[in-house]
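Written out below as structure tokens is the structure these notes cover.
Letters A, B, ... are given to chains in the order of the sequence lines, protein chains preceding strands, and every chain is numbered from 1.
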Amino acid sequence: MKRRDFLMGISTVPILGAYSIGSTKNILKVLDDRRVDSKRLLDIDQFDVMNERLPSSTGNEQTRIRIGLIGNGWRGESLLNSFGYFHPDYVNKMKTDGQYDRWLPYQKRHENLYVDITGICDTFDVHAERGIEVARNNIREERNTPEILSGIKRYKTYQDMIHSKDIDAVIVATPDHSHAQITIDAVKAGKHVYLEKPMCHSIEEAIELKKAVNASNIVFQIGHENRQQMSYKLGRELYRKGVLGDVSMIQTFTNRNSLFGAWIREREFDHLGNHQTIDWKGFLCNAPWHEFDSKRYFNWQRYNDYSTGMIGNDFSHTYDCVNQVFEIGIPESVMAIGGHFFYNVGIDDLPDVFNAIFYYPDRALTMTYDGTLKSGIYRQTKVLGSEATMEIDRAIMLYKDPNSQRYKDVAEDPEEPFYYYAPNARVGVDGITSATATSYFKSGYGPTFIDGKVIDATFLHLKEWIDAIRGQGKVSCGIDQGFEETVTFCLANLAYLHKKPIFWDKQNEQYFIG
Amino acid sequence: METKYSSRQIITLTVLRVVIGWHFLYEGMFKYIGGVWSSRSFLLNSTGPLAPLFKMWAQSDKAIHYIDVLNIWGLILIGLCLFLGLFERPAKLLGIILLSLYYFAYPPFSSAAAEFYADGNYWIVDRNLIEIASLLVLASFPTSYRTGLDRFMTNYPVRGFFNNITGGRLKNKLIPKK
């Protein structure tokens, strides 16, 4: 081959050599430019909570805790799930759905808390029996021996359970109206309590419960598992470090648009509910007398006698998230208006559209709540600050204020957040507005991201309670946070019922109708 | 097909081949080095006749994984081949296929949705289509047997295979010296 032929053949090789050096350098530079230094951007020294580690294990064979569940409905069973107990039908469904191989390692990632579910109490026989079947199927450790299984008992009444020597602590996941009574009795019997939200059905009950818990030595936790959600911990840190500036307004929202969301629920076993299978008196507890009515029993969230509807079941979640971030506590006054327009009008009595304004003069801010059961549009909590607006849910998005001093060097873009926290979303350079990122934000509850792992937030919340019972650490949602939650949403409920502003007297812990 | 090029023709055609290779290679290397890139949102938002298929792929973690790997390495290898003039013919064919997929993910048929990933205004013809047309030109005027490594591979054993899948036999005789 001639020299000229050879040179022509390789003529582009030197260009490629130069190209490969230059292009790699350029790619690294571009990537570096795009990599935003969040600390410098937000003008903070460091991130604290994001470096948090999972709390270490506190349990062993000697410190086993025997837990009784009062109320094995939808939420009760999911709490058992968070402890690692699953109904065999659920496990089989995972297998037939082909999810088992992914699901089991996720479950096993959660620490063994060394708890045994030794008692189930429910006013509906079917739920109680199902609870027993769940409690007999621990998938996190080998506890399904005849000796252990024979210790799992059904208690006909909650009184039997709280006075049993075989129970150390109880989980209360009953309808709202019975929360206070059951918990006060359990506390007096010396049992530790994990109480589902909302804490109570009325302000009076909350005052009574607070007295009982404060007079005892038991460990009391309210089931607002979003206390464990990393986004709220980070939101709190960012706020305290001045990232938002002066916060003048907090807007909260809840939206649902389905019968299930409106608590009109037909579940698998409801048709089995009748005089024989339901302990109606047990269900009524201290509520006003009413003839047996299976609608009231299964859709209790729609009746003022047993629930506070949207404000107690939807807003209370959002409120506790806000309270966790800003520690706003109880407002000085509340105004609210709403309507019962759509579902079951004339039979049940709770609103499906609700607006409330909460007034916090001490904090120089107001908070609003807009909720509907007839629109499923997604809206995160929005916090208006003088430097930045924060949208917060399981993710955080910060938008620069047009008149911000702190972020005067940050490019102006009202459409795009200048900072976002969205673990697990596959957020690339352009990912923030993509369908993937958006759908991630839409899921409001569930797992959180901590220590480089995806962990069930409810599990962490239960673990916090269990650890505190063993004398390790404190609960994050105790009686004071629960009291603030109940008084706040009850003030709004009263304002709605009376169509008048309601005022809160902090010193005397009393409300006044304006 | 026997081709006889002037020096100017061979230089400009080689430049065209190299710049297209440059573009492919850079895009592939960027995605490879960048690490976080995924085709998911590109496919999820796609419009046009193939959108249902693309969206179905985007729903599956496994499919997305293979698509990402194939896309990145496809870009890199096609880029390298065009750059060096190595296996030019299959590289051009695969390049056209890949670009057609991009084109049909967001076909600029007057739909506003097609502007999702574009930074200009296009109707029927967009940059992908121009690059496809350029590769078609190169397919008619091959250069690698003169200014590429294919020059040394007139008898490489897989040639017959490539000729079979890419069409007729390539008679790349060197131009006789004057």
Side-chain angles (χ1 to χ4, degrees), chain A residues 1-36 38 97-99 101-103 105-106 415-416 420 422-442 454, chain B residues 5 7 10-11 14-15 17-19 21-46 55 58-59 61 64-65 68 76 79-86 88 116-117 143-154 172 174-175 177:
Chain A
M1 187 179 285
K2 293 203 174 90
R3 191 165 170 263
R4 186 167 170 275
D5 291 348
F6 178 74
L7 287 179
M8 271 190 81
I10 61 156
S11 57
T12 56
V13 175
I15 310 175
L16 180 71
Y19 167 90
S20 53
I21 299 167
S23 63
T24 313
K25 253 186 170 169
N26 195 53
I27 290 170
L28 293 174
K29 189 180 171 300
V30 172
L31 287 172
D32 197 50
D33 289 349
R34 286 187 191 173
R35 195 172 294 122
V36 183
S38 300
D97 290 355
Q99 293 178 34
D101 291 339
R102 240 187 352 193
W103 172 76
Y106 171 73
E415 298 294 318
E416 292 289 310
Y420 57 86
N424 281 336
R426 290 184 71 166
V427 178
V429 180
D430 56 353
I432 188 67
T433 51
S434 75
T436 351
T438 315
S439 63
Y440 175 85
F441 297 140
K442 281 186 180 174
V454 177
Chain B
Y5 302 137
S7 297
I10 195 80
I11 289 169
T14 303
V15 166
R17 194 192 77 212
V18 169
V19 296
W22 179 301
H23 181 215
F24 270 78
L25 184 56
Y26 190 78
E27 196 64 59
M29 281 172 64
F30 200 102
K31 288 174 163 58
Y32 180 74
I33 296 174
V36 292
W37 177 83
S38 165
S39 57
R40 191 189 294 267
S41 74
F42 180 84
L43 294 174
L44 264 180
N45 292 300
S46 60
K55 285 178 187 187
Q59 305 294 339
D61 285 346
I64 281 293
H65 174 74
D68 289 351
I76 290 175
L80 271 176
C81 287
L82 291 175
F83 215 121
L84 293 171
L86 179 68
E88 189 194 9
F116 192 83
Y117 278 91
T143 51
S144 65
Y145 69 95
R146 295 206 57 200
T147 55
L149 298 181
D150 279 346
R151 184 169 193 143
F152 311 115
M153 318 229 0
T154 34
N172 50 351
L174 297 180
I175 300 165
K177 246 185 137 184

Quiz item: Does the side chain of Thr12(A) come within less than 4.5 Å of Arg17(B)'s, by heavy atoms?
Solution: yes

Self-check item: Counterpart residues, ring-ring contact (aromatic ring centres under 6.0 Å, His included), relative to Phe24(B) (two or more places apart)
Solution: none

Quiz item: Going through the distances and angles, do Ile27(A) and Tyr32(B) end up as a side chain to side chain contact (heavy atoms under 4.5 Å, CB included)?
Solution: CA-CA 10 Å; Ile27(A) 290 170; Tyr32(B) 180 74; over 6 Å; no

Quiz item: Of the non-hydrogen atoms in Tyr19(A) and Trp22(B), which two are nearest, and what is the gap between them?
Solution: OH-O, 3.0 Å

Exercise. Counting only heavy atoms closer than 4.5 Å, note whether Leu80(B) contacts chain A via side chain, backbone, both or neither.
Key: side chain

Self-check item: Thr14(B), part contacting chain A, at a heavy-atom distance under 4.5 Å
Solution: side chain

Quiz prompt | Taking every non-hydrogen atom, the tightest pair across Leu149(B) and Val13(A) | solution = CD2-CG2, 4.2 Å

Quiz item: Of the backbone (N, CA, C, O) and the side chain (C-beta and beyond), which part of Leu28(A) lies under 4.5 Å from a heavy atom of chain B, both, or neither?
Solution: side chain

Quiz item: How far does OG1 of Thr147(B) sit from CG of Leu7(A), to the nearest 0.5 angstrom?
Solution: 13.0 Å

Self-check item: Spacing of Ser11(A) atom OG and Arg146(B) atom CZ [to the nearest 0.5 Å]
Solution: 10.0 Å

Practice problem: With sequence neighbours left out, write down each residue that passes side chain to side chain contact (heavy atoms under 4.5 Å, CB included) with Asp97(A), or none if nothing qualifies. | Solution: Lys93(A), Gln99(A)

Quiz item: Nearest 0.5 Å, what's the OG1-OH distance between Thr24(A) and Tyr26(B)?
Solution: 9.0 Å

Quiz item: What's the shortest heavy-atom distance between Gly34(B) and Leu31(A), and which atoms?
Solution: CA-CD1, 3.6 Å

Practice problem: Assess whether side chain to side chain contact (heavy atoms under 4.5 Å, CB included) is satisfied between Phe152(B) and Asp5(A), documenting all intermediate values. | Solution: CA-CA 9 Å; Phe152(B) 311 115; Asp5(A) 291 348; 5.9 Å; no

Quiz prompt | Steps toward side chain to side chain contact (heavy atoms under 4.5 Å, CB included) verdict (Leu25(B), Leu16(A)) | solution = CA-CA 10 Å; Leu25(B) 184 56; Leu16(A) 180 71; 3.7 Å; yes

